[in-house]
Amino acid sequence: MLSSPASVAPELPSPEAAPQALARACGALWLATLSLMTAYMQQQAPAHRLLLARRITRNLDILSAQECFGASCRARFAHLAQRWGRHLHA
């Protein structure tokens, strides 16, 4: 018997656990972004590099707005997002 989509939805963290869950998610997004940067450097096809740069820029924009990181870290993410954004117009 198949379960309904509502029964497989993940449980939301409690309000007390939400900051830790957000911090873990942000850490995972940062690690994924580093992997995308590695893939970008190994990719030869310009179209694929463009798609990777777009995703990297978007991820860094998201990370630069997250309160779970300190102000200096968020500023570095914003700076990196600007630098990666230049790849989109090159």
Side-chain angles (χ1 to χ4, degrees):
M1 177 173 155
L2 294 175
S3 59
S4 67
S7 66
V8 295
E11 284 188 37
L12 295 175
S14 68
E16 299 82 29
Q20 290 93 6
L22 179 61
R24 284 192 304 274
C26 288
L29 182 59
W30 172 232
L31 290 175
T33 304
L34 290 172
S35 294
L36 289 171
M37 290 175 179
T38 301
Y40 178 91
M41 297 307 295
Q42 295 175 350
Q43 185 56 251
Q44 298 298 318
H48 291 150
R49 287 174 68 102
L50 176 68
L51 293 172
L52 287 166
R54 186 178 300 156
R55 184 56 183 241
I56 291 165
T57 302
R58 189 175 339 141
N59 286 359
L60 290 167
D61 279 335
I62 291 168
L63 290 169
S64 71
Q66 300 306 310
E67 298 282 327
C68 59
F69 294 109
S72 64
C73 189
R74 290 193 313 266
R76 286 187 193 121
F77 286 139
H79 179 71
L80 284 169
Q82 288 176 349
R83 289 188 66 185
W84 277 95
R86 290 184 207 136
H87 290 281
L88 301 176
H89 306 292

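Numbers here simply count residues along the sequence, with the first being 1.
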Pair Leu60, Met37 - check side chain to side chain contact (heavy atoms under 4.5 Å, CB included), show working.
CA-CA 11 Å; Leu60 290 167; Met37 290 175 179; 4.0 Å; yes
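Figure legend: cation-pi geometry between Arg74 and Phe69 absent, as NZ or CZ is not positioned both under 6.0 Å from the six-membered ring centre and within 45° of its axis.
Under the 3.5 Å distance criterion, the side-chain polar atoms of Gln66 are left unmatched by any main-chain donor or acceptor of Cys68.
Interatomic distance, Leu80 CG to Asp61 CG, rounded to the nearest 0.5 Å: 10.5 Å. Put simply, CG on Leu52 and OG1 on Thr33 are 11.5 Å apart, with the number rounded to the nearest 0.5 Å. Rounded to the nearest 0.5 Å, atoms CG (Leu36) and CD (Gln43) are 12.0 Å apart.
Tested against Phe77 for a side chain to side chain contact (heavy atoms under 4.5 Å, CB included), the candidates Ser64, Cys26, Ser72 yield a single pass: Ser64.
The cluster map of Ile, Leu, Val, Met, Phe, Trp and Tyr, joined by side-chain heavy atoms under 4.5 Å apart, puts Ile56 and Leu88 in different clusters. Both Leu29 and Leu34 sit in one connected hydrophobic cluster of ILVMFWY residues. Membership requires side-chain heavy atoms under 4.5 Å apart, directly or through other members.
Within the 6.0 Å centre-distance limit, the rings of Tyr40 and His87 are counted as a close aromatic pair.
Counting heavy-atom neighbours within 6.0 Å of Arg58 CZ, excluding the residue itself, gives a total above 12.
Between Arg49 and Met41, the closest heavy-atom pair is NH1-O, 4.2 Å.
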